[in-house]
There are 2 protein chains.
Amino acid sequence: MLDNTDQLILDELSKNSRITMKELGEKVHLTGQAASGRVAKLEDNGLIEGYTIKVNQTKLGYFIHAFITIITQSTYHQPYLSFIKTQEAYIIHNYKISGDGCYLLECKFPSNKALGEFLEDLNKHANYKLSIVINK
Amino acid sequence: MLDNTDQLILDELSKNSRITMKELGEKVHLTGQAASGRVAKLEDNGLIEGYTIKVNQTKLGYFIHAFITIITQSTYHQPYLSFIKTQEAYIIHNYKISGDGCYLLECKFPSNKALGEFLEDLNKHANYKLSIVINK
DNA sequence: TCAACTCCTTTCATTTATCAAGTCAAACCG
DNA sequence: CGGTTTGACTTGATAAATGAAAGGAGTTGA
């Protein structure tokens with residue numbers, strides 16, 4: 001269902017999704033038209049979910065990247081879930097997890113002040129453990 | 001340094017990085033050439049770090065998405081770092097963190113068997129706490 | 001006021017994408 | 001075996017996007 005050429009196409013598009021179909025074709029030894037057809041199939045199959053960019057969050061002013069493990073006191077998660085919906089600017093992902101905690105929240109903040117205020121509000125709905133990303 | 005139009009451009013490219021410059025221009029009320037110029041500047045400034053695709057990992061056969069908190073016994077992290085370099089197929093990100101643990105490892109695995117073997121090898125170099133992603 | 005700059009638009013030549021046939025090989029089936 | 005079907009690719013023609021050059025409008029500062 002997914003041959004070596006398709007794999008190469010995914011690799012190339014991961015590296016540069018704005019490559020022309022002609023160039024992509026050259027890299028995988030096809031014409032642009034054939035490459036384009038392959039890509040269309042990968043989209044139809046749902047393997048390629050979308051085309052996006054990598055944005056440098058630090059240059060956007062988000063200097064803090066954090067993971068917050070959430071432990072909700074009660075079995076009612078709704079207050080927490082409602083809360084984070086109001087904080088979309090800071091939230092990158094909210095993963096429901098098994099293991100130590102109920103959720104793993106990946107966030108970004110412009111300053112310690114913003115982080116502090118966020119944690120204060122968060123604490124009304126859940127307990128947490130904070131991990132700040134230092135690197136990579 | 002970054003005006004509202006630039007912000008809109010980043011939003012549009014995040015949603016679809018393969019949009020044509022002409023279409024992008026229409027969305028932000030510029031000509032294609034002007035939009036193209038803006039994008040070139042965003043690239044030069046390093047705000048746009050690259051163009052990529054979102055791949056459906058489940059359809060690629062990676063059914064398990066996990067976060068592993070790493071606690072190295074010794075202060076010497078090299079054995080762990082060398083180990084994960086040999087496991088690139090499974091590693092999405094390796095974040096150095098402050099807080100509970102030394103690293104936060106985001107990984108993907110095709111099966112519980114692969115996960116199990118990975119953890120067994122990992123345990124030779126570090127202790128860990130495993131969280132499996134259930135959702136979102 | 002003038003010059004230098006920035007940012008945008010217009011125009012045009014070039015490149016790229018797209019659509020419609022047409023080719024080829026493998027698989028299927030009487 | 002021969003014929004048909006199917007899937008994946010190529011070729012060729014046309015429409016669309018891109019990139020470069022020229023120029024205009026607004027801003028800044030001497």
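In what follows, chains are A, B, ... by sequence order, proteins preceding strands, each numbered from 1. All figures in this text were calculated on a predicted structure; none of them were measured in a lab.
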Using distance only, find each side-chain donor-acceptor pair of residues 65-72 of chain B under 3.5 Å and give its atom names and separation, not counting sequence neighbours.
residue, atom, partner, partner atom, Å
B:H65, NE2, B:E106, OE2, 2.8
B:T72, OG1, B:S74, O, 3.3
B:T72, OG1, B:H77, NE2, 3.3

List the atom pairs, donor and acceptor, that lie under 3.5 Å between side-chain atoms in residues 50-60 of chain B and the rest of the protein, sequence neighbours left out.
residue, atom, partner, partner atom, Å
B:Y51, OH, B:E43, OE2, 2.5
B:T52, OG1, A:S14, O, 2.8
B:N56, OD1, B:T58, N, 3.0
B:N56, OD1, B:K59, N, 3.0
B:N56, ND2, A:E49, OE2, 3.1
B:Q57, OE1, B:K108, NZ, 3.2
B:K59, NZ, A:N45, O, 2.9

Original post:
Mind checking what makes ring-ring contact (aromatic ring centres under 6.0 Å, His included) contact with B:Y62, not counting sequence neighbours?
Top reply: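 Testing B:Y62 for ring-ring contact (aromatic ring centres under 6.0 Å, His included), a comparison that skips the adjacent residues, returns none.
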Original post:
For DNA chain C, which nucleotides open and close the run of contacts to chain A, 5' to 3', at under 4.0 angstrom from a non-hydrogen atom?
Top reply: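 Boundary nucleotides touching chain A, in 5' to 3' order, are C:dT16 to C:dC19.
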**OP:** Could you tell me which residues satisfy side chain to side chain contact (heavy atoms under 4.5 Å, CB included) with B:K113, sequence neighbours excluded, listed by chain and number?
**Re:**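 Only B:S111, B:E117 meet the side chain to side chain contact (heavy atoms under 4.5 Å, CB included) criterion with B:K113.
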**OP:** Run through the side-chain heavy atoms of Ile, Leu, Val, Met, Phe, Trp and Tyr, join any pair under 4.5 Å, and report what else lands in A:I92's cluster.
**Re:**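 ILVMFWY cluster around A:I92 holds nothing else.
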I'd like a table of donor-acceptor pairs (distance under 3.5 Å, sequence neighbours excluded) in which one partner is a side-chain atom from residues 78-87 of chain A, with atom names and distances.
residue, atom, partner, partner atom, Å
A:Y80, OH, A:N94, OD1, 2.9
A:S82, OG, A:Q78, O, 3.0
A:T86, OG1, A:F83, O, 2.5

Original post:
Tell me, for nucleotides 8-19 of chain D in 5' to 3' order, what letter each nucleotide earns: B for a base near a protein heavy atom under 4.0 Å, S for only sugar-phosphate near one, - for neither?
Top reply: SSBBB----SSB
Donor-acceptor list for residues 21-33 of chain A side chains, cut-off 3.5 Å, not counting sequence neighbours:
residue, atom, partner, partner atom, Å
A:T31, OG1, A:A34, N, 3.2

